[in-house]
Protein chains: 2
Amino acid sequence: METIASSSAFPPDAFAKDCASRVVLDRIGDRWTVLVVGALADGRLRFSELRTRIEGITPKVMTQTLRALERDGVLTRTVYAEVPPRVEYELTDLGRDLLVPIDAIRHWAEQHASRIVANREVYDR
Amino acid sequence: METIASSSAFPPDAFAKDCASRVVLDRIGDRWTVLVVGALADGRLRFSELRTRIEGITPKVMTQTLRALERDGVLTRTVYAEVPPRVEYELTDLGRDLLVPIDAIRHWAEQHASRIVANREVYDR
DNA sequence: CCGAATCCCACAGGATACTG
DNA sequence: CAGTATCCTGTGGGATTCGG
């Protein structure tokens, strides 16, 4: 009953090794995707606006993350031929769809952070 | 629900660099947490049962992931003094709570995997 | 202002073998 | 059965500098 690469007859199964959904989980499972997508929740933002909202991210990693998400079709990158240059990023329909579970994760993290930190201190004894 | 890093007047903010919720996102953002927690959705499982459900994970990484989640208070580890040994893992209340957003992520991944793979192929041209 | 280009490295995590 | 114990590699991601 195992599925290989999600042939159309079987439902995709992230527990299966070669299922395509694994690569999607890998993308969400990087340090910044959740924050970048979350930051774009309210609408399009410029590169520098994203950087100020997301504290601690370096420009290089910012670019990497944005390119990866653009590649996946989660957001669009629009360059305006102006001086000084302006580049705006905006979620696609797919991206806004992703926003729902991602917001859920972020809210969960924010709500339970203190409890988890406390749990760790107890455990480390 | 109060946060630790920020004063109680402010809501926890995952976008802020030093907010505790960052560490929680870091934990979710590893390759296996989503799958391990998801696998325990239906109840307690033994080490070997987890390994067969989650294809591709090595015993060492399995142990690492389980210990980290135990430390966070997401699951419990119960050792039975038997021969052969038996160890069972079960979600805590916190873990079952985490299950909700995690399931959402996994379902999203499974639903949109094929589309994202297609997007990538288009982009890589 | 928006990145591209380099350099660098800690460390997650894979492979393999062994043990109480 | 349920893990350790080693060894090793890829790469995510940080710091810094440069360019259009």
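In the text below, chain A, chain B and the rest are named by the order of the sequence lines, each starting its count at 1. Keep in mind that the numbers below use all heavy atoms, side chains included, and drop hydrogens, waters and symmetry copies.
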- Query: CZ of R27(A) versus C1' of dG12(D): gap in Å, rounded?
  - Reply: 11 Å
- Query: Quick one: L45(B) CG to dA2(D) C1', roughly how many Å, whole number?
  - Reply: 15 Å
- Any side-chain heavy atom of L45(A) within less than 4.5 Å of one from Y89(A)? no
- R86(A) NZ/CZ over Y80(A) ring centroid, <6.0 Å and within 45° of normal: yes
- Task: Would you mind reading off the distance between I54(A) atom CD1 and dG14(D) atom P, rounded to a whole angstrom?
- Result: 12 Å
- Message: Taking the basic N atoms (NZ, or NE/NH1/NH2) and the acidic carboxylate oxygens, is any pair closer than 4.0 Å for R106(A) and E110(A)?
- Response: yes
- Taking CD from E55(A) and P from dG14(D), how many angstroms apart are they, rounded to a whole number? 14 Å
- Query: Between E49(B) and K60(B), which is nearer to the 5' end of DNA chain D once each is assigned its nearest nucleotide?
  - Reply: E49(B)
- Applying the side chain to side chain contact (heavy atoms under 4.5 Å, CB included) test to M62(B), which of T65(B), T58(B), L66(B) qualifies? L66(B)
- Message: Does dA2(D) have its OP1 or OP2 closer than 4.0 Å to a side-chain nitrogen or oxygen of S48(B)?
- Response: yes
- Task: Choose from dG14(D), dC1(C), dG14(C) the nucleotide whose nearest atom is closest to any side-chain atom of R46(A).
- Result: dC1(C)
- Task: Looking only at side-chain atoms of Q64(A), point me to the closest of dC2(C), dG14(C), dG13(D).
- Result: dG13(D)
- Could you work out which one of dA4(C), dG3(D), dC1(D) sits closest to the side chain of R67(B)? dG3(D)
- In residues 70-89 of chain B, which residues come under 4.0 Å of DNA chain D by heavy atom? R77(B), P84(B), P85(B), R86(B), V87(B), Y89(B)
- Task: For the side chain of F47(A), starting at C-beta, report the closest nucleotide among dG14(D), dC2(C), dG13(C).
- Result: dC2(C)
- Item | Under-4.0 Å side-chain N/O to phosphate OP1/OP2 contact, T63(A) with dG3(C) | no
- L66(A) CG to dG12(D) P, in whole Å, measures 16 Å
- Looking at R44(A) and E88(A), does any basic side-chain N land under 4.0 Å from a carboxylate oxygen? yes
- Message: Tell me the closest heavy-atom pair linking R46(A) and E49(A), and the distance in Å.
- Response: N-OE1, 2.7 Å
- Whole angstrom is fine here: how far is it from CZ in R51(A) over to C1' in dA4(C)? 14 Å
- For the pair made of CE in M62(B) and P in dA2(D), what is the distance, rounded to whole Å? 11 Å
- Salt bridge or not for D72(A) and R115(B), using N-O below 4.0 Å? no
- Length of the line joining I57(A):CD1 and dA15(D):C1', which is rounded to integer Å: 14 Å
